[in-house]
Amino acid sequence: MEGQNLAQAYSLFECIQCGRCTGGCPMSLKTRFNIRRLIYEALVDEDMDLQSKEVLWDCTTCATCTLRCPKGLDPTDIVIGMRSILVDGGRIPPTIRDALKSLAIRGNPLTMAREERADWAEGLGVKEISEGAKVLYFVGCSPSYDPRVQKVAKALVQAFKKADVDFGILGNEEVCCGSEARRVGETGLFEMLREMNLETLGQYPMELMVTISPHCYNTFQNEYQGLDFKVQHYTQFVAGLIEEGKLPLSKEVERVVTYQDPCFLGKQNKIFEEPRKILESIPGLELRELDRSRERSLCCEGGGGRMWAEGTNPEERLAHTRVQEAMDLGAEVLATACPFCLLTLEDAAKTVAGEDGLQVMDIMELVVEAL
Amino acid sequence: MAPRIGVYICHCGVNIAATVDVERVTRFAQGLPSVAIARDYTYMCSDPGQALIKEDIKEFGLTKVVVASCSPMMHEPTFRGTIQEAGLNPYCLEMANIREQCSWVHEEEEEATPKAIQLVAAAVGKALLLEPLEERRADVTPTALVIGGGIAGMQASLDIAKAGFQVYLVEKEPRLGGHLAQLDKTFPTLESVAPLLAEEIKEVEGHPNIDLLTSTEVVGLEGYIGNFKVICRAADVTRELKVGTIVVATGYDLFDARLKPEYGYGVYGKVITGLEFERLASSSGSRIWVKGKEPQDVVFIQCVGSRDKSVGQEYCSRICCMYSAKQALLVKEMLPQARVTVLYMDVRAYGKGFEEFYDQVRAKGVIYRRGNPSEIYRKGERLVIRAEDTLLGEAVQLEADLVVLATGITPRRDSPKIANLLKLPRSPDGFFMEAHPKLRPVDTVTRGIYLAGCCQGPKDIADTVAQAKAAAASAMIPLCQGQVKVEAVTSIIDEELCSGCGICAEICVYDALSLHERKGVMTINEVLCKGCGACAAACPSKAIELSHFTPAQILAQVDALV
Amino acid sequence: MQASLDIADAGFLVYLVEREPSIGGHMAQLDKTFPTLDCSSCILTPRMVDVARHSNIQLFSYAEVVGVDGGIGHFKARVKQKPRYVDVDRCTGCGLCVEACRLKGRISSEFDVGVSKRGAIYIPFPQAVPLKATIDPQRCLFITRGVCGKVPACEEACAAEAIDFQQEEEMIEVEVGTIIVATGFDLFDARLKPELGYGLYPNVITGLQFERLSSASGPTRGKITLNGQEPKKVVFIQCVGSRDKSVGVEYCSRVCCMYTAKQAHLVKEKIPDAEVTVLYIDVRAFGKGFEEFYDRVRGEGVIYRRGNASEIYKERGRLIVRAEDTLLGEPLQLEADLVVLATGAAPPGNAQDLATLLRLSPSPDGFFQEAHPKLRPVETEREGVYLAGCCQGPKDIPDAVAQAKAAASSAIITLRNCMEVS
């Protein structure tokens, strides 16, 4: 029954079962999650028991499948659709349920207090957008609350100030963009968060929104409508600043660095060059390319709600593979431009490389070293 | 005049030169008596290679040429043309095959080179005894015969007629149109066939150059290109037609689904063939009824009688994937609530617009499941199809109210008779064989007879029309030229030795030999004779020699070899 | 070529205009053809020679049609004869200039699809018709910079004094009754699918490049080797740039299933202990003898696995092909020494220009549009202009030949009705 509805809603008939989706899916390497098979079952199996498909929570929504489908289907969206059926049926992993509850109540999934959202910016002389500014600096949940990622938020402030950018933050008015809520199938919650954000944003005139997280960028750019300002990921903005000469990088940073293309930045939004341009502008920095880079970048397993749930087969982490790849390349630093990549890869690095081994850093952290 | 022979050893790039020491062979050839010049070159068939031969003919006054290279099948005509351009009779050429018969079948230079030397020696030995042969020409009757009035036959007839030649279009049935007349709509455009066909038929019937003979069959054929004599029969009336070229467009039959009893065709009324579906669809307007009810589950089964060694049909019938897709779409359009499933092995949507059509069909909600069914049985009012869904890896039992079998295309049941009549060889798959599967798709081994449409192999309408036009092109060329070259290599009878026993005539498959009543000896129709030499071998009195392959010439080769 | 031969045999004069220095097209680049495994150049070169020698065919090679006016029965075509900088009446095709060129081995060979390199003066392949040298005006040192050593090396080497740097472009006008467009096809640029690593990994090659490796007269003399290494694990990937909305190509390229089967067979023949896998979605072996050939190839040990490859990456120096075996329902990571991408056919690069020139419209798939998809496969909307071969849509050799003859038939009809028989 559900299968039939899904088939209609997502045009599952159009699938030719070529297998390119599962073939490129990072999770199919380590779990029994098989999106091709799920699509087929939904199409042909009248007795398909969707509710029992726990593997659906393995998907990171990296969208490699959608990118590669030759017949124009959107398997990522199909996963989200299937998840929403599970959500409606109340079958969600408990940790995801908690995160969603926190989102609904506190505007962030980390069960942190709304009033503490802007605490990270204390003493940095950062104004609020309500005071008027050209650029809205949309910080995001992890950078606001997670101490590790706060360093990135602060680094960006440093750069903005050096480049004399007229920016402001939403402060405690800032609420989760809703990206992950949507991806775990909680469409209702996503729409609620979106509405709230649109209302808030509508109050303040601005030319540009710059986000730290590619997830926020992706959602605002592609899933919100009716924005009367441009949206950029910080790598686009900072690369622009560097090109315009507004952000001189003079200090040598002699490190061998490799770069992890975050799925939501690279694969999904084709932003490959700007992060590299930034890294290449840092004097003394040697940039080496991982073999699996750009559209073949290996997902860190952070997206699609995976920051809130382990999924099946938690022992084998793709992040470990990634860290190993970086080490094999001879890199000292694995750089990235996404809070989720940062957290998952750093976690893996500590396990694989030890405390004094490979360092995982955000691009901005390297940039401020060069300021 | 003493013969002066030029010998040319081709490297064929590395095809020959990698295994045969071409220089050694050349030196050997140069040392033979009567060889005025011997050379080797990378590609004798190329322009410069041929130029070498022509220049040498002039400079050295060559009278015979030996080319040691690839098989004569490849380039004998080429080199004959080369020496002719330089003024020699084209039959003063002998070729030694040191590629297919030497360098391609041996690996060691020490094996291949002596063999090549022997082959060259044999060729030179024969060349010494070669005689110029006359190339005759025969006039061409400026008329064509097209056998078969389906779309292929009609198209071929129209083209030849428009080119200004008279065409006899012979059709066994009372009406034109062949199988196309039985179809409802075509893929991928979903146009109705009837109006398209009607237009075509009108054109054929109306063309002044086309002599339409329906309800007529070809019952006899004699003659050769340019001069065929065809005997046709309509009811009890026999008629003789004189034509220059013939296009065979006899079409196809369909696989008899009863040969797969496990599908229940002929037993269950709800199991029908693709063609029967066409009739159902075209006659019913916009609804389909099966036993008074609208079907809820319609299942199409691909590859019935194709790709199936168990019924002796190995080949693919080429059009079924598309016609089933079309039919499935029609069902979905007529019965939007019905569940329509296609059971396939591979979806062969290869042609222009086909893949896009396949996408369209699926977008309409037709479900494609991979797996060829094993059997059908009845459960109450419904049918159950047993198959494996190979993508799920599970055995399934699908219920259906209507099952459509995509039966394959087969050669016509009477094609052995036609083949015999026209002396047409058949391919292993039973369809008529073309002269060369890549480069000569419409010619046959018989000059003057061409193939069009499904009688040569299954194909859709667009490919049929193209091929029919291709056959028309081939058929009209001799008519345009007005004359044809006649095979110069023919048998010669020594009337003194001939006793008129007739053994040779029995052997000859081309009917080229007949008894001269008055003289009491056999005579050869040099135009029919293909120079196969069977008669020469069979003659107990050694009264027949095959020119260009006389006993003396062959013995000279043998002498040189040993 | 086929169309020209038929029309010429019917007694009419044919101007055959070919853009490249030699006729032969892509078929000259192939090793063996399916399903008969005929050597392609062996069956092609006699045709090429026939064309060259036919008294009714005037060949303009290294020339392009740049303008067409008029209508059926009375077209006026302007042909631009590009300068070879070689006097074709003197050149014997001996090849000494090619050996002598200072840039020999520096320029990627188009004929060998980059598998080998040529010089600035070149003969595209040994059986070229006409067999004449041509100078690449964009790379030749003398033409681009005015200097090539003391004396241009080719000039010095040429015994026939055929080098002529003074040669200029010539415009020729011809009057014709009909036009046949047989401009062929290009291949999908595999770099448009970066996830397959083409251009990044040298061991990922296209089907046409494989033909050049396999060809006995090709750069490796028919040995399938890359940098001297013979692969032991070969993976063929179907549908690269066909049936793929993600790169804007929806159609099926029709010949790839069969050419891949043939190539898989050739690998097995040349490297008997190689592991050969073909990754497919549907096996389109539809033509005469095709299914039987597919059976044969599987019988020789080529493994067909159903699943379209998703990406290729490198792990510890080995190429890994990621796909899903949809019949097992399991993801695959296949190790490969050599990956051959069955790239699809694309309309030729200049199709748009030619279409404008001839006032023809393209089909949705980009190839030329025929007048009616079922009943008029070679006519166009413009009377007197016919289509032949892959420029109308991808097809294999027998279908291309048949269609060429079909176009010839239409042309002959027109000519017989409009003009005096010559």
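Because the structure is predicted, anything quoted here is derived from the model rather than measured. Atom set for the values below is all heavy atoms of this structure, side chains included, hydrogens, waters and symmetry mates excluded. Per chain, numbering begins at 1; letters A, B, ... match sequence-line order.
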Between chain C and chain A: donor-acceptor pairs at under 3.5 Å:
residue	atom	partner	partner atom	Å
C/Tyr201	OH	A/Asp291	OD1	2.2
C/Tyr201	OH	A/Asp291	OD2	2.8
C/Tyr201	OH	A/Arg296	NH1	2.7
C/Tyr201	OH	A/Arg296	NH2	3.4
C/Asp244	OD2	A/Arg20	NH1	2.9
C/Asp244	OD2	A/Arg20	NH2	3.1
C/Lys245	N	A/Pro70	O	2.6
C/Arg306	NH1	A/Gln17	O	2.5
C/Arg306	NH2	A/Ile16	O	3.1
C/Arg306	NH2	A/Gln17	O	3.4
C/Asn308	N	A/Cys18	O	2.7
C/Asn308	OD1	A/Arg20	NE	2.2
C/Asn308	OD1	A/Arg20	NH2	2.7
C/Ser310	O	A/Arg68	NE	3.4
C/Ser310	O	A/Arg68	NH1	3.0
C/Ser310	OG	A/Arg20	O	2.8
C/Ser310	OG	A/Gly24	N	3.2
C/Ser310	OG	A/Arg68	NH1	2.9
C/Glu311	OE1	A/Arg68	NH1	3.0
C/Glu311	OE1	A/Arg68	NH2	2.9
C/Ile312	O	A/Arg296	NH1	2.3
C/Lys314	N	A/Asp291	OD2	2.5
C/Arg322	NE	A/Gly23	O	3.2
C/Arg322	NH1	A/Gly24	O	3.3
C/Arg322	NH1	A/Cys25	O	3.1
C/Arg322	NH2	A/Gly23	O	3.1
C/Arg322	NH2	A/Cys25	O	2.7
C/Arg322	NH2	A/Ser28	OG	3.0
C/Glu324	OE1	A/Arg36	NE	2.6
C/Glu324	OE2	A/Asn34	ND2	2.6
C/Glu324	OE2	A/Arg36	NE	3.2
C/Glu324	OE2	A/Arg36	NH2	2.9
C/Thr326	O	A/Arg36	NH2	3.4
C/Gly329	O	A/Asn34	ND2	3.2

message = Out of C/Gly307, C/Gly197, C/Pro194, return the one with the most heavy atom pairs under 4.5 angstrom to chain A.
response = C/Pro194

task = Select, from C/Leu279, C/Val247, C/Ile312, C/Val249, the one with the greatest count of heavy-atom pairs under 4.5 Å involving chain A.
result = C/Ile312

query = Can you tell me if CD on C/Gln352 sees more than 12 non-hydrogen neighbours from other groups inside 6.0 Å?
reply = no

task = Select one option (side chain, backbone, both, neither) describing which atoms of A/Cys69 are under 4.5 Å from chain C's heavy atoms.
result = backbone

note = Turns out that what part of A/Leu29 lies under 4.5 Å from chain C's heavy atoms comes down to both

Residue list, side chain to side chain contact (heavy atoms under 4.5 Å, CB included) with C/Ala274, at least two apart or on another chain = C/Val267, C/Ile271, C/Val276

query = Can you name the residues that form a side chain to side chain contact (heavy atoms under 4.5 Å, CB included) with C/Ala400, not counting sequence neighbours?
reply = C/Lys395

C/Leu200 portion near chain A, given a 4.5 angstrom heavy-atom threshold = side chain

request  = Could you list which of residues 229-237 of chain C have a heavy atom closer than 4.5 Å to any heavy atom of chain A, in residue-number order?
outcome  = none

